[in-house]
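Quick caveat, the model's predicted, so the values are computed rather than measured.
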Amino acid sequence: MRIGLLGGSFNPAHAGHRHVAEMALHVLRLDEVWLLVSPGNPLKPRAGMAPFAERLESARRIANGRRIIAADIEARLGLRETERTLARLRRLFPRARFVWIMGADNMIQLPRWRRWRRLARGTPIAVLPRPGYTRRALHGAAATVLRRHRRPCGALLSGASPGPGGHAPWCMVPAREHPASATAIRALRAKRAGATAPAPGHSQHSIPAPASGVPAEAD
């Protein structure tokens, strides 16, 4: 089995995540993509982070349950660091070939991850373009360190798994950039919530409903 692992907070999951999963399936010729919903990203603040169950449910809504699967395996195993998750998955599924899938924005901050060099040595990495980040990722610290291990995407899983002293390859997946952003979605939700909140000293019932019966925020 050739399995892509798309990790993240999914706060919330959106069409951009689905686009990344579908492109990875097609370009890398994967059997499945697992959406690994993190129980808590050590690099992200807790403020504004939705409960795990809510984020997992949003991932399930964009998955299809067949080749794109929302997974709570990190929460079940009590893991929060990607390199440890990958090491455990290789032990649990020794006959699977795993590929770590990330957006260009995460490629930029990869050197902040714990044991990131070990992660890159042991697991092939597929990087997907992200608006505003792709060029920076290709000229960033991680890409510079890993430059000689970059390969065409078709060769990412063509060889044997890297043994002692070996190094896994990485590639930039040729795909269009998808504009969806979890940050933008949260900001829009907060704006809408603020627009519908009653003014201080006024009840919600003081605002009459439109004559048509259609809520004012229906758009």
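Proximity of Cys171 to Arg151: side-chain heavy atoms (C-beta onward) are nowhere separated by under 4.5 Å. Using a 4.5 Å cut-off on side-chain heavy atoms (C-beta onward), Asp31 and Arg67 make no contact. The shortest side-chain heavy-atom distance between Val127 and Leu138 does not fall under the 4.5 Å cut-off. The closest side-chain heavy-atom distance from Leu89 to Thr85 is below 4.5 Å. Side-chain contact between Glu54 and Asn11 is absent, with no heavy atoms from C-beta onward closer than 4.5 Å. Counting heavy atoms from C-beta on, the side chains of Met102 and Ile125 come closer than 4.5 Å. Here the side chains of Arg84 and Arg115 are in contact, with some heavy-atom distance below 4.5 Å. Arg18 has its side chain out of reach of His178: every pair of non-hydrogen atoms, C-beta onward, lies at least 4.5 Å apart.
Checking side-chain atoms of Arg150 against main-chain N and O of Trp170 turns up no donor-acceptor pair under 3.5 Å. A side-chain donor-acceptor contact under 3.5 Å links Arg80 to the backbone of Gly40. Side-chain atoms of Arg66 do not come within 3.5 Å of backbone N or O of Ala63 as any donor-acceptor pair. Checking side-chain atoms of Asp105 against main-chain N and O of Ile108 turns up no donor-acceptor pair under 3.5 Å. The backbone N or O of His14 sits less than 3.5 Å from a side-chain atom of His17, completing a donor-acceptor pair.
For Arg60, there are no salt bridge (Lys or Arg N to Asp or Glu O under 4.0 Å) partners at least two apart in sequence or on another chain.
Nearest heavy-atom pair, Ala137 versus Ala143, reported as atom, atom and distance to 0.1 Å: O-CB, 3.2 Å. Nearest heavy atom pair, residue Pro129 against residue Glu177, reads CB-CG, 3.6 Å. Taking every heavy atom of both residues into account, His19 and Ala175 meet most closely at NE2-CB, 4.5 Å. Nearest heavy atom pair, residue Ala168 against residue Pro124, reads CB-N, 3.5 Å. Closest heavy-atom contact between Met49 and Ser9: CE-OG, 3.8 Å. Across Pro179 and Pro131, no two heavy atoms sit closer than the pair CA-CG, 4.2 Å.
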Please test Arg114 against Glu81 for salt bridge (Lys or Arg N to Asp or Glu O under 4.0 Å), starting from the C-alpha separation and ending with a verdict.
-> CA-CA 7 Å; Arg114 292 191 64 182; Glu81 296 174 7; 3.1 Å; yes
Under the side chain to side chain contact (heavy atoms under 4.5 Å, CB included) rule, what do Glu32 and Trp34 come out as? Steps first, then yes or no, please.
-> CA-CA 7 Å; Glu32 295 176 352; Trp34 296 356; 2.9 Å; yes
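Cluster partners of Leu128, using a side-chain heavy-atom cutoff of under 4.5 Å among ILVMFWY residues and allowing indirect links, are Leu6, Phe10, Val20, Met23, Leu25, Val27, Leu28, Leu30, Val33, Leu35, Val37, Phe52, Leu56, Ile62, Ile68, Val99, Ile101, Leu156, Leu157, Val173.
In this structure, CZ on Arg117 lies 10.0 Å from CG on Leu110, to the nearest 0.5 angstrom. Trp100 CH2 to Thr82 OG1: the interatomic distance, rounded to the nearest 0.5 Å, is 4.0 Å. The CE atom of Met172 sits 9.0 Å away from atom SG of Cys153, with the distance rounded to the nearest 0.5 Å. Summarising the geometry, atom CD1 belonging to Ile185 is positioned 9.0 Å from atom OG belonging to Ser58; distances are rounded to the nearest 0.5 Å. In this structure, the separation between OG1 on Thr144 and CZ on Arg147 is 4.5 Å, given to the nearest 0.5 Å. Atom CG of residue Asn64 and atom CD1 of residue Ile69 lie 7.5 Å apart, to the nearest 0.5 angstrom.
A side-chain donor from one of Arg97 and Ser161 sits under 3.5 Å from a side-chain acceptor of the other. In this structure, a donor-acceptor pair under 3.5 Å is present between the side chains of Arg90 and Thr123.
Remark: His26 NE2 is loosely packed, at most 12 non-hydrogen atoms of other residues, nucleotides or ligands lying under 6.0 Å away. For OH of Tyr133, the number of neighbouring non-hydrogen atoms (other residues, nucleotides, ligands) closer than 6.0 Å is 12 at most.
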